[in-house]
Amino acid sequence: MVTTHVRPDGDAIGSLLGLGLALQQAGKDVQMVSADGVPMSFRHLSGSEQVDTQCVEEVDLIIAVDCSDLSRVGKILDGRSAPDINIDHHVTNLGFARINLVEPKSVATAEIIAGHLNDWGLPLTRDVAAALLTGMITDTLGFRTANMTPKALRMAADLMEVGVDLPDLYLKALVQRSFEAARFWGMGLSHVEREDGLIWTTLSMADRQAVGYPGRDDADLINMLSAITGVVICVIFVEQPHGRTKISWRSQPGFDVSEVALKFGGGGHPNASGAEISGNLEEIRELVLKETRILLNMEEFVRSNVAI
Ligand SMILES: [Mn+2]
């Protein structure tokens, strides 16, 4: 079984399909499992129709991809042993498996898999390349995040050489939006707030229902907020059922928001992190903004002193 994290993003699905299909090509009997299925924006990828939301059969080996800790895998592992293999690029990875292949310098888990396929004797077919390239495109927002490397660009080129259509993958994974998502953005943008370099907004359950947005995520609004001029750190609060709130942070290089996310039981990357907590939305917002302000002021203090 190959599995990935709850609320899968493009790297989760791309890594799941890329590794799963490559193992199948090599003659392995593979089940690909994602607790929350495959989001619409990645269903064009070959193999996505095979992905189950639970594992029904006995398995000999469990591989988790793009998961920083066991809780990210969701209910799939209930009653099963911990994963045998953990392949991930999150700096906060807890090394929860028997074998842990964690490469934080990789821009995506898909890049790690692409880089090792040959070592593992696995074939790079067009379907595998399309899945892995999708993982790299999405985690780097189209090769423009601060962690981009020449190595990653060369890897993307190698994946293109196999014959995948980069502009088409790019369009489907990153650019296209549903009408409902656009209206959901409108909700979030209408009450965005700013305080110096900190910007934040909230998407409530009522907002989601009003526009008919089907997901429980922020429809990637965070990426548009982080593009606003002068923003150093942005935070988005997405209200969830059962009194929970999902929080996402994005930051400029030099401001490690994964530290703040960890304080709230979450994790991620220095410039892109998340957490999910229970409690009163207003109280959560105050608490999270307070901790985020501390990070912002602390880092700015260090920077101004270095500048002198
Ligand atoms: Mn990833």
Side-chain angles (χ1 to χ4, degrees), residues 1-57 59 61-68 72-74 76-77 83-90 101 103 106-140 142 152 155-156 158-174 176 215 217:
M1 170 170 67
V2 184
T3 188
T4 190
H5 60 79
V6 291
R7 294 209 182 86
D9 53 20
D11 190 27
I13 297 300
S15 299
L16 176 71
L17 295 176
L19 182 59
L21 293 177
L23 285 165
Q24 285 179 350
Q25 283 288 323
K28 304 292 177 191
D29 180 9
V30 183
Q31 295 182 65
M32 295 182 274
V33 185
S34 160
D36 292 331
V38 178
M40 279 306 294
S41 48
F42 307 118
R43 291 206 190 146
H44 58 280
L45 293 171
S46 293
S48 60
E49 71 289 345
Q50 289 185 45
V51 175
D52 288 316
T53 51
Q54 53 186 350
C55 184
V56 284
E57 289 164 48
V59 290
L61 188 93
I62 301 173
I63 305 174
V65 293
D66 206 40
C67 297
S68 52
R72 294 284 289 153
V73 184
I76 289 163
L77 291 175
D84 299 279
I85 302 173
N86 156 25
I87 305 173
D88 185 34
H89 69 129
H90 292 93
L101 176 60
E103 298 181 357
S106 292
V107 297
T109 299
E111 186 196 352
I112 304 175
I113 294 169
H116 287 286
L117 278 182
N118 204 28
D119 308 332
W120 298 333
L122 297 178
L124 180 62
T125 63
R126 237 162 92 159
D127 289 345
V128 170
L132 295 176
L133 191 52
T134 294
M136 292 186 66
I137 292 170
T138 50
D139 258 21
T140 60
M155 181 60 73
D158 288 347
L159 296 174
M160 270 186 88
E161 297 273 15
V162 183
V164 299
D165 187 343
L166 175 74
D168 186 57
L169 290 178
Y170 201 110
L171 181 75
K172 285 177 174 145
L174 274 188
Q176 279 182 339
D217 53 281

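Two residues are said to be in side-chain contact when any heavy atoms from C-beta on lie closer than 4.5 Å; L159 and L124 meet this criterion. Side-chain contact check for V30 versus L19: every heavy-atom pair is 4.5 Å or farther apart. Looking only at side-chain heavy atoms (C-beta outward), L101 and I85 stay at 4.5 Å or farther from each other. Contact annotation: the side chain of L17 approaches that of S48 to within less than 4.5 Å [non-hydrogen atoms, C-beta and beyond].
Put simply, CD1 on I62 and CG on D84 are 6.0 Å apart, with the number rounded to the nearest 0.5 Å. Remark: E57 CD to D29 CG distance equals 7.0 Å, nearest 0.5 Å. Atoms CG and CZ, from L21 and R126 in turn, are 14.0 Å apart once rounded to the nearest 0.5 Å.
Residues meeting the side chain to side chain donor-acceptor pair (under 3.5 Å) test with T53, sequence neighbours left out: none. Qualifying side chain to side chain donor-acceptor pair (under 3.5 Å) partners for Q54, counting only residues two or more places apart in sequence or in other chains: none.
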Indicate every side-chain donor-acceptor pair of residues 110-117 with a distance under 3.5 Å to a residue at least two apart or in another chain.
residue	atom	partner	partner atom	Å
E111	OE1	V107	N	2.8
H116	ND1	D119	OD2	3.0
H116	NE2	E103	OE2	2.9

Hey, can you pull the donor-acceptor pairs under 3.5 Å for the side chains in residues 128-139, sequence neighbours left out?
residue	atom	partner	partner atom	Å
T134	OG1	A130	O	2.8
T138	OG1	D11	N	3.4
T138	OG1	T134	O	2.8
T138	OG1	G135	O	3.2
D139	OD2	H89	NE2	3.0

Show every donor-acceptor pair shorter than 3.5 Å between a side-chain atom in residues 31-43 and any protein atom, with sequence neighbours excluded, or say none if there are none.
residue	atom	partner	partner atom	Å
S34	OG	G37	N	3.2
S34	OG	G37	O	2.6
D36	OD2	R7	N	2.7
R43	NE	V38	O	2.7
R43	NH2	V38	O	2.9

Donor-acceptor pairs are to be reported for all side-chain atoms of residues 162-170 against protein atoms at under 3.5 Å, with residues two or more places apart or in another chain.
residue	atom	partner	partner atom	Å
D165	OD1	D168	N	3.3
D168	OD1	K172	NZ	3.3
D168	OD2	K172	NZ	3.0

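With hydrogens and angles ignored, the 3.5 Å screen pairs a side-chain donor or acceptor of T4 with a backbone N or O of V65.
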